[in-house]
Amino acid sequence: MGFDKSVLPGTVCQIGYVVPDLDDAISGWLQMGVGPWFVIRGLSQRVTFRGEPCAVTLSMALSNSGDLQIELIQQLDDTRSVYTEFLGTTGGGFHQLAYWAPDFDGAMAKLDDAGWPKVWWGGEGDGVRFAYFEPPAGAAIVEIMELTDASQGMATFVRQAAARWDGSEPVRELTAG
């Protein structure tokens, strides 16, 4: 039985890593020539985790290698979450494939119909909606992120910065909010 790729909205746009130390992870990627990194520290996130309300504090970083965006995520507290669950079993590393959906509600319906368990979701009222699903194979998590003008703008900004990057300012701090 083959995989029905029409369940997912397009192609992989981002790979995500859950890391125990964001700055160490950035350093490793910089050594591979990937940068600059756009970092947001202390981001409060209210989500639903396996059907229950959850609040976590994260730091994250974004860069691109060609058209592929790379996201690094460090959870800053010990709240039970999709991230602490993953760190507890793996110690960190590759976590998710992300797809950006112009029709977020349609994408959610297809994944629900396919029976993929939705384990982490939020963004309602905060801007960009997102949901994490446990896929049948390939990654621990598949993320679907709503493609809006704001999320497309940020993706374009990060991709263009990476394409023009000359090695200067390898880490660029952004503010949450």
Side-chain angles (χ1 to χ4, degrees), residues 3-19 22 25-26 29 32 34-41 43-50 54 56 58-75 81-83 86 93-165 172 174-177:
F3 173 72
D4 178 6
K5 73 181 199 173
S6 70
V7 169
L8 296 166
T11 59
V12 173
C13 297
Q14 180 194 78
I15 55 174
Y17 292 80
V18 174
V19 299
L22 187 69
I26 290 170
W29 281 94
M32 293 186 288
V34 177
W37 288 91
F38 294 91
V39 178
I40 300 172
R41 298 182 192 274
L43 177 65
S44 295
Q45 193 175 64
R46 294 191 177 282
V47 299
T48 302
F49 174 51
R50 299 194 184 279
C54 181
V56 295
L58 310 171
S59 288
M60 58 178 287
L62 298 171
S63 189
N64 265 62
S65 180
D67 287 334
L68 184 63
Q69 188 175 87
I70 301 157
E71 178 181 39
L72 307 174
I73 303 165
Q74 178 187 2
Q75 185 172 321
S81 74
V82 72
Y83 306 120
F86 181 75
F94 170 66
H95 182 248
Q96 68 213 38
L97 296 173
Y99 297 78
W100 299 340
D103 177 7
F104 186 78
D105 294 325
M108 294 299 94
K110 283 183 180 181
L111 287 159
D112 287 341
D113 289 347
W116 290 23
K118 184 165 64 167
V119 297
W120 182 261
W121 64 95
E124 295 85 3
D126 296 331
V128 177
R129 296 177 294 169
F130 59 89
Y132 286 17
F133 291 84
E134 291 176 329
I141 295 292
V142 165
E143 176 185 8
I144 307 298
M145 186 178 80
E146 182 176 27
L147 188 61
T148 65
D149 289 344
S151 61
Q152 180 64 62
M154 183 63 173
T156 299
F157 173 75
V158 172
R159 184 179 63 253
Q160 288 176 347
R164 295 188 306 263
W165 188 48
R172 302 169 187 191
L174 303 174
T175 57

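Judged by distance alone, the side chain of S63 and the main-chain N or O of P36 form a donor-acceptor pair under 3.5 Å.
I70 and W29 make their closest contact through CD1-CZ3, 3.5 Å (heavy atoms, listed as atom of the first residue, atom of the second, distance). Shown here for A61 and W37, the closest heavy-atom pair between the two residues is CB-CE3, 3.6 Å. Contact between G138 and F94 at its shortest, heavy atoms only, is O-CE2, 3.9 Å. Residues L147 and W100 share a closest heavy-atom pair of CD1-CB, 4.1 Å. Contact record, A131 with K118: CB-CD, 3.9 Å, taken as the closest heavy-atom pair. Listed here is the closest heavy atom pair of Y99 and G10: CE2-O, 3.6 Å.
Side-chain contact between M154 and L62: present, with at least one pair of heavy atoms (C-beta onward) separated by less than 4.5 Å. Taking the side chain as every heavy atom from C-beta outward, I15 and L68 approach each other to under 4.5 Å. Looking at heavy atoms from C-beta onward, V19 lies out of side-chain contact with I73 at the 4.5 angstrom threshold.
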* May I have the step-by-step check of ring pair (Phe, Tyr, Trp, His ring centres under 6.0 Å) for W120 and Y83, ending in yes or no? => CA-CA 10 Å; W120 182 261; Y83 306 120; 5.3 Å; yes
* side-chain contact (heavy atoms from CB on, under 4.5 Å) assessment of V158 paired with Q69 -> CA-CA 8 Å; V158 172; Q69 188 175 87; 4.1 Å; yes
* Passes side-chain contact (heavy atoms from CB on, under 4.5 Å), I26 versus V39? Steps please. -> CA-CA 10 Å; I26 290 170; V39 178; 3.6 Å; yes
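For S81 and Q75, the side-chain atoms include at least one donor-acceptor pair closer than 3.5 Å.
Residues satisfying the side-chain contact (heavy atoms from CB on, under 4.5 Å) criterion with R159, sequence neighbours excluded, are N64, D67, T156. Take T148 and apply the side-chain contact (heavy atoms from CB on, under 4.5 Å) test, not counting sequence neighbours, and it matches V128, E146, A150, S151.
Residue M60 forms a side-chain contact (heavy atoms from CB on, under 4.5 Å) with just one option from L72, L174, L43, L22, and that option is L43.
Ionic pairing of R50 and E134 is present here: one or more N-O contacts between side-chain nitrogen and carboxylate oxygen are shorter than 4.0 angstrom.
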Counting only pairs under 3.5 Å, give me each side-chain donor-acceptor contact of residues 104-111, with atom names and distances, residues two or more places apart or in other chains.
from : atom 1 : to   : atom 2 : distance (Å)
D105 : OD1    : R129 : NH1    : 2.9
K110 : NZ     : S6   : O      : 3.4

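Note that CD of Q96 is 5.0 Å distant from CD of E143, once rounded to the nearest 0.5 Å. Rounded to the nearest 0.5 angstrom, L97 CG and I141 CD1 are separated by 10.5 Å.
Between F133 and W116, the ring-plane angle classifies as perpendicular under the 30° and 60° cut-offs. Using cut-offs of 30° and 60° for the angle between ring planes, the H95 and F86 rings count as perpendicular.
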